[in-house]
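Just below is one structure, and these are the notes that go with it.
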Number of protein chains: 2
Amino acid sequence: MKNTLTHASEDYLKAIYALSANGAAANTTALAARLGVAPASVTGMLKRLAVTQPPLIVYRKHHGVTLTPAGERAALEIVRHHRLLETYLYRTLGYTWDEVHEEACRLEHVISEDFEERIAEALGHPVRDPHGEPIPTRELTMPPFEAVPLSKLRPGQRAVVQRVHADDPALLRHLQRLGLTPGVGLTVDAYDEFDHNLQIKIDAQADPLVLGTAITDKVFIEVIA
Amino acid sequence: MKNTLTHASEDYLKAIYALSANGAAANTTALAARLGVAPASVTGMLKRLAVTQPPLIVYRKHHGVTLTPAGERAALEIVRHHRLLETYLYRTLGYTWDEVHEEACRLEHVISEDFEERIAEALGHPVRDPHGEPIPTRELTMPPFEAVPLSKLRPGQRAVVQRVHADDPALLRHLQRLGLTPGVGLTVDAYDEFDHNLQIKIDAQADPLVLGTAITDKVFIEVIA
DNA sequence: AAACTGATTTAGACTACCCTAAATCTGATT
DNA sequence: AATCAGATTTAGGGTAGTCTAAATCAGTTT
Ligand SMILES: [Mn+2]
Ligand SMILES: [Mn+2]
Ligand SMILES: [Mn+2]
Ligand SMILES: [Mn+2]
């Protein structure tokens with residue numbers, strides 16, 4: 001528990017956490033893609049993470065990987081660092097929401113628990129990061145969060161944007177230009193069942209938008225009535 | 001110039017900069033002691049730093065090492081990061097002057113030039129860190145600084161403390177308790193030529209202090225008249 | 001000028017990553 | 001039940017950094 005993890009291990013744990021969020025095991029190829037390394041490198045790291053004391057993952061060859069309770073705590077620790085840092089960079093240092101990810105992804109591995117606590121305090125213990133993603137508590141529990149993507153809505157439904165599940169700066173800038181940010185209310189006007197495009201009308205915007213699933217799968221909403 | 005250095009290389013360059021500040025070459029043993037590694041490890045790293053393109057150091061076997069202009073720029077870059085971070089942690093996040101070093105020593109290697117510029121701006125482009133040490137400019141020139149240690153003073157002389165050249169938290173807390181911090185005025189009352197102790201009287205303090213060279217060598221002052 | 005001593009380098013080994021190319025496994029299809 | 005395709009692991013190799021133990025060097029002393 002007190003043995004110090006490397007930056008690389010921490011990024012692997014974070015990726016496993018993200019890819020096994022739905023309870024299923026994360027697989028080698030998806031991890032390799034997300035981490036930007038070769039599949040063989042992933043296999044090597046999984047072997048190492050499985051034999052630490054205590055083990056951080058359960059790894060069954062050819063059948064994917066899940067986090068142990070210790071591994072999940074380690075992952076949530078890094079996610080908390082990451083999202084607190086994003087929030088701090090955004091609110092205190094004037095970063096834009098497309099700039100925060102890259103800086104936070106490096107800082108998250110080197111800040112102390114003291115630093116974590118001080119920025120949490122300075123920010124008033126925030127519950128969401130600038131993208132609306134929930135910040136794990138100090139006790140490392142993940143708050144409940146919206147699981148309904150905009151893509152699931154159908155004409156006539158109203159919703160409020162809660163979180164945007166994206167790191168890519170270009171996509172984030174695009175969403176910003178569209179006005180599709182947390183807190184925004186919208187109504188679905190039309191749905192195309194062949195290309196799955198959704199036509200929506202954002203509150204206080206004159207013109208409707210037509211959005212593909214590349215966007216609507218990443219925007220999570222809360223349905224209103 | 002754009003090739004990215006490892007954290008370890010950066011710490012070596014910073015150490016070489018510190019140990020060759022007086023123009024002389026830094027030697028293997030001193031580097032090993034300061035970096036907390038074996039002398040053989042230093043030799044290995046020096047060989048690597050000497051053959052980078054461009055070379056960062058001039059290394060002559062058995063005769064020590066100096067920084068090339070490129071190496072000095074790299075070192076000053078890290079020193080600027082370190083001291084700006086110390087200043088930021090101290091002023092903005094409420095760290096004490098004995099807590100800042102350790103955190104800054106990890107952060108200095110991962111912050112972006114953008115982060116550097118933003119905290120410099122937020123702090124009003126400070127010229128000194130919390131210990132009074134000069135912060136290299138954005139253009140990577142080192143401002144002039146006091147080279148006279150308190151230990152050089154003799155009875156009758158008056159001085160103002162300018163900087164404290166120390167990282168050790170215990171020593172820093174001790175100096176704080178003594179009231180020996182940048183900006184403080186003092187007068188030398190007595191000098192013992194055998195043990196080199198100095199008796200000083202700090203302005204606005206009732207009782208005089210007797211200090212050994214472990215302290216007086218680390219406190220740099222400006223002589224007044 | 002040889003010997004000594006402490007500093008330094010070399011030799012050899014280890015861990016943590018990463019890679020490419022070549023096996024091998026799994027689950028689906030015939 | 002054999003085959004096939006794609007996913008995965010293994011094999012083998014590389015870099016960066018660390019260590020200990022064994023040379024070796026340089027400057028000083030005899
Ligand atoms: Mn990261
Ligand atoms: Mn933490
Ligand atoms: Mn450092
Ligand atoms: Mn910089």
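Throughout, protein chains are lettered first and strands after them, A, B, ... in sequence-line order, and every chain is numbered starting at 1.
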Round to the nearest Å and state the distance from [X] atom [atom1] to [N] atom [atom2].
X	N	atom1	atom2	result
B:L35	D:dC19	CG	C1'	15 Å
B:L31	C:dA7	CG	P	14 Å
A:L19	D:dA7	CG	P	15 Å

query: Which word best sums up how the rings of A:F115 and B:Y95 line up, parallel for under 30°, tilted for 30 to 60°, or perpendicular for over 60°?
result: tilted
query: What class does the angle between the rings of B:H7 and B:H109 fall in, given that below 30° is parallel, 30 to 60° is tilted and above 60° is perpendicular?
result: parallel
Do [Y] and [X] meet the salt-bridge criterion of a basic N to acidic O distance under 4.0 Å?
X	Y	result
B:R118	A:E99	yes
A:E146	A:R128	yes
B:K218	B:E133	no
B:E108	B:R80	no

- prompt: Are any side-chain N or O atoms of B:T137 and backbone N or O atoms of B:T141, one a donor and one an acceptor, separated by less than 3.5 Å?
  reply: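 Yes; judged by distance alone, with no hydrogens or angles, the pair exists.
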Can you check nucleotides 15-17 of chain C for protein contacts, nitrogen or oxygen pairs under 3.5 Å, and list what you find?
from   : atom 1 : to    : atom 2 : distance (Å)
C:dC17 : OP1    : A:T6  : OG1    : 2.3
C:dC17 : OP2    : A:R48 : NH1    : 3.1
C:dC17 : O5'    : A:R48 : NH1    : 3.3

N/O contacts under 3.5 Å, protein versus nucleotides 9-14 of chain C?
from   : atom 1 : to    : atom 2 : distance (Å)
C:dT9  : OP1    : B:Y59 : OH     : 2.3
C:dT9  : OP1    : B:H62 : N      : 3.1
C:dT9  : OP2    : B:T28 : OG1    : 2.9
C:dT9  : OP2    : B:T43 : OG1    : 2.7
C:dT9  : OP2    : B:Y59 : OH     : 3.4
C:dT9  : O5'    : B:Y59 : OH     : 3.4
C:dT10 : OP1    : B:K61 : NZ     : 2.6
C:dT10 : OP2    : B:K47 : NZ     : 2.5

query: Given the rule in the side chain to side chain donor-acceptor pair (under 3.5 Å) test, do A:H101 and A:H131 qualify, once you have shown the distances and angles that lead to the verdict?
result: CA-CA 10 Å; A:H101 178 79; A:H131 312 108; over 6 Å; no
